[in-house]
Amino acid sequence: MTSALELVACCRPLAARALSDEAAEATAGLFRALSDPARVKILNLLTRRDEPVCACEFEPALGLSQPTVSHHLKKLTEVGLLEREQRGKWAYFSLNARALARLASLVEMKEVVR
């Protein structure tokens, strides 16, 4: 009898590096921020615009009140998905390209071969 179990072919360690605890926490934060449909819609609206969008434009587009829109924009900004620019009394929002690239790389799936 051997003291160590032999690895079965289907149970070999994964080739890909695992996320660090810090990276996993940051990733979970991104997904928590995207857990609300209104926030997903905000990102979708911003992907179709070349210029930053005024916060006031989200109210009619989402059918939500100003405080609710502000809450969602704040959550997306806090996790780094949006960039905020103050212009007078209005805030303008745009997508953070680096954060979106990171998000895209997290959800990129390799083709499953059967």
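All values derive from a computational prediction rather than experimental measurement. Position 1 is the first residue of the sequence, and the numbers go up from there. These values consider heavy atoms only, across backbone and side chains, with no hydrogens, waters or symmetry-generated copies.
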Name all residues meeting the side-chain contact (heavy atoms from CB on, under 4.5 Å) criterion together with Ala61; count only those two or more places apart in sequence or in a different chain, and write none if there are none.
Leu45

Can you sort out the partners of Glu25 under salt bridge (Lys or Arg N to Asp or Glu O under 4.0 Å), two or more places apart, ordered by chain and number?
Arg32

For the atom pair CG (Asn96) and CG (Leu76), what is the distance rounded to the nearest 0.5 Å?
11.5 Å

Tell me whether Asn44 at atom CG has more than 12 heavy atoms from other residues, nucleotides or ligands lying less than 6.0 Å away.
yes

For residues Leu30 and Arg102, determine if any side-chain heavy atom of one lies less than 4.5 Å from a side-chain heavy atom of the other.
yes

Show me the pairs that pass salt bridge (Lys or Arg N to Asp or Glu O under 4.0 Å) and involve residues 87-98, at least two apart or across chains.
Glu85-Arg87

Using side-chain hydrogen bond (donor to acceptor under 3.5 Å, both in side chains) as the criterion, list what pairs up with Ser94, not counting sequence neighbours.
none

So which heavy atom on Leu43 is nearest to which on Leu82, and how close?
CD2-CD2, 3.7 Å

Any link between Trp90 and Val53 through a network of hydrophobic side chains (Ile, Leu, Val, Met, Phe, Trp, Tyr) touching at under 4.5 Å?
no

Could I get the full list of side-chain contact (heavy atoms from CB on, under 4.5 Å) partners for Ser35, not counting sequence neighbours?
none

Heavy-atom closest contact (Ala55 atom, Phe93 atom, distance):
CB-CE1, 3.8 Å

Pairing residues for Val69 by the side-chain contact (heavy atoms from CB on, under 4.5 Å) criterion, not counting sequence neighbours
Phe58, Glu59, Leu62, Leu64, Leu73

Correct closest heavy-atom pair for Pro60 and Cys56 would be CD-O, 3.3 Å

Kindly indicate whether the side chain of Leu103, heavy atoms from C-beta on, has any atom under 4.5 Å from the side chain of Thr27.
no

Looking at residues at least two apart in the chain, or sitting in another chain, which of them share a side-chain hydrogen bond (donor to acceptor under 3.5 Å, both in side chains) with Ser70?
Gln66

List the residues meeting side-chain hydrogen bond (donor to acceptor under 3.5 Å, both in side chains) with Ser65, not counting sequence neighbours, and say none if there are none.
Thr68

Using the test side-chain hydrogen bond (donor to acceptor under 3.5 Å, both in side chains), find all partners of Glu78 that sit at least two apart in sequence or belong to another chain.
none

Atom CD of Glu57 and atom CG of Leu46: how far apart are they, to the nearest 0.5 Å?
9.5 Å

Could you pull out all residues at least two apart from Gln86 that satisfy side-chain contact (heavy atoms from CB on, under 4.5 Å)?
Arg84, Ala91

Looking at side-chain heavy atoms only, is the closest gap between Leu95 and Glu83 below 4.5 Å?
no

Could you note down all residue pairs passing salt bridge (Lys or Arg N to Asp or Glu O under 4.0 Å) where residues 38-48 supplies at least one of them, sequence neighbours left out?
none

